[in-house]
Amino acid sequence: MNDGYRTTARIAGLGRFLPEKIVTNHDLEKIVDTSDEWITSRTGIKERRVVAEGEGLLDLVVRAGKAALDDAGVEAEAVDLLIVATATPEQPIPATSAIAQPQLGVVNAACFDLSAACSGFTYSLNVARQFIATGAAHNILVIGAECLTRYTDWSDRKTCVLFGDGAGAALLQPADAGEGILHIDWRTDGTLADFISMPGGGSRFPPNSRESIDQGFPFIKMRGNETFKVAVRAMTELSLDLLKRAGVQPADLDLFIPHQANQRIIQAVGKRMGLSGEQVYSNVHQFGNTSAASIPMAMVGAVEEGRLKRGDLLMLTAFGGGLTWGSALIRF
Ligand code: ACO
């Protein structure tokens, strides 16, 4: 069933951390021209978590990472690689993973951040799997974390209702073929880079430039409707392709966790893949779109709710800015 690797990576532990503050659709009704009815029917989202004043990405990263280490029963010193997947880092320099290293106690780990927007966690799983398969690393901590609400234009009803903050983490260790990651793959289409973007805050329009602020560049912009269509097609095609390569029928999946961006996307992908409602996990109503954090946060939720158990056949699929997408078939 696996893709020919003799050694692969298994998820030995999971953790997540969510900011305390909850913003409901009714709260948003007070600041933009929207309604709970519109947000619920178009996205499935009811509420989202938002970082408090003084909080930043680092706080979420450290708490989620520690929870995954505890869950795996692995000492922080044993971690040899830390990857933080994020589009909303603590600060531009240095990498959030480097800043988090001492607080996490992963003093022997090389640290880098990975930028693939909402696909960041699945991209990181693929990178981590390669390092484990070659024997270059034995304990890899992957953390997907976002503070999207810090880059949200709260006067733009097309985006501000969608995003939330949070972090999820996984500790990966070597496994024999047949366990852990069985198949994993990724795709990028940079011709559609402007579908989801934040043009300000980089080298062309630096955060300190008047032009960047005046033109509203330091905010996430999205061509929602066009993104929706590509997201459904891309996640469905890649996921079905992986199942085919593995010789697995959709009905054999115990759980399917797609990126939590929109309930209508989640349902459309599930339906096109021929999955039952029971097989498809969703918590988008609780947390909104948390980008790179969405899948590991959903895995923790699924375990806590008894919907994901050791030995289950699990499929993950993500989609986001880049455009990027990725899927993984895992014997959990
Ligand atoms: N409240 C009320 N009305 C609204 C709101 C709102 N919050 N937002 C938009 N509308 C209006 C629009 O103005 C439009 O009105 P008009 O017809 O008078 O112009 C109407 O509702 C329909 O707007 P659409 O954009 O066509 O609505 P759609 O059904 O496509 O839903 C949404 C929008 C929710 C954004 C959806 O397209 C979507 O989920 N897209 C994909 C998101 C995604 O998957 N992103 C990838 C990951 S994100 C990342 O990488 C960070």
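Position 1 is the first residue of the sequence; numbering continues from there. Start at 1 and go down the list; that is how both ligands and their atoms are numbered.
Linking ILVMFWY side-chain heavy atoms closer than 4.5 Å, directly or via other members, places Ile295 and Leu18 in two distinct hydrophobic clusters.
At a cut-off of 3.5 Å, with distance as the only test, a side-chain donor of Thr40 or Lys46 sits close to an acceptor on the other residue. In the model, Ser327 has a side-chain atom that pairs as donor or acceptor with a side-chain atom of Ser239 under 3.5 Å.
Only side-chain heavy atoms of Trp38 come within less than 4.0 Å of ligand 1; its backbone N, CA, C and O stay farther off. Contacts between Thr43 and ligand 1, counted as non-hydrogen atom pairs separated by less than 4.0 Å, involve the side chain only. Of all the heavy atoms of Ile196, the ones lying under 4.0 Å from any atom of ligand 1 belong exclusively to the side chain. Looking at Asn289 against ligand 1, only its side chain comes within 4.0 Å, counting heavy atoms. If you look at Ile220 next to ligand 1, there are no close heavy atoms at all, none under 4.0 Å.
Heavy atoms from other residues, nucleotides or ligands lying under 6.0 Å from CZ of Arg223 number more than 12.
In terms of protein heavy-atom proximity, atom 51 (C) of ligand 1 is nearest to Cys118 SG, 3.5 Å.
Between Ser35 and ligand 1, no N or O atom pair is found at a separation short of 3.5 Å.
Within the 4.0 angstrom cut-off, atom 18 (O) of ligand 1 has no protein heavy-atom neighbours.
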